[in-house]
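Along the sequence shown, residues carry numbers from 1. In what follows, every heavy atom counts, from backbone to side chain, and hydrogens, waters and symmetry copies are set aside.
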Amino acid sequence: MLWSREQRAFAVESFFSNGRSLVTTQRAFRARFEIPPHRLVPGRNSILSWFNSIREYGSVAKSLNAKLQQTIRTPENIEREKEWTKLLDQEWRKGNLGVLPLGQLALSC
C-alpha cells in the first residue's frame, strides 16, 4: 500500500511519542486517518523502516537518492547521531516531543 508523506510522518511521530509501541501507533494511525476496522494500517516493518529513515536521512519521503546520501561513519558523525537520539529520548520523557522539528523534517523532502 502507498502511504502519503503526511501519514508516514504521523506514524513515526506517534511511534516515538507512544514509547515505541507498534500497536499503539497503529491504533493512533487508524483514529487519526479514520480508517475503519479490518482495513490496512502500516505494519511493523513499514513503521520501523520509516523510523530508521528519519534517523538516517531526516525524512520519511521516498527518494531514489536516499541510499546514496548515507553519511560516512566518522567518529564525529557517530557522536552527532548519539546526541540526536539522546535529545529525542530526553524530549520524549519531558513530554516536549512537539518541540522537535520531526514532522517538518519528515515533510520537507
Non-hydrogen atoms of [X] and [Y] that approach each other most closely:
X   : Y   : result
I35 : L40 : CG2-O, 3.8 Å
W3  : P42 : CZ2-N, 3.5 Å
F15 : T25 : CA-OG1, 3.0 Å
V12 : F51 : CG2-N, 3.7 Å

Reported [atom1]-to-[atom2] distance for the pair [X] and [Y], which is rounded to 0.5 angstrom:
X   : Y   : atom1 : atom2 : answer
L48 : R20 : CG    : CZ    : 10.0 Å
Q7  : S46 : CD    : OG    : 11.5 Å
E13 : I54 : CD    : CD1   : 8.0 Å

Check the orientation of F10 and F29. Use parallel for under 30°, tilted for 30 to 60°, and perpendicular for over 60°.
tilted
Those residues at least two apart in sequence (or on a different chain) that pass side chain to side chain contact (heavy atoms under 4.5 Å, CB included) with N52 are E56
Residues at least two apart in sequence or cross-chain that pass side chain to side chain contact (heavy atoms under 4.5 Å, CB included) with E79, listed by chain then number, are K82, E83
With sequence neighbours left out, the residues meeting side chain to side chain donor-acceptor pair (under 3.5 Å) with S14 are N18
Counting heavy atoms not belonging to R44, are there more than 12 under 6.0 Å from its CZ?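 No, the 6.0 Å shell around CZ holds no more than 12 heavy atoms from other groups.
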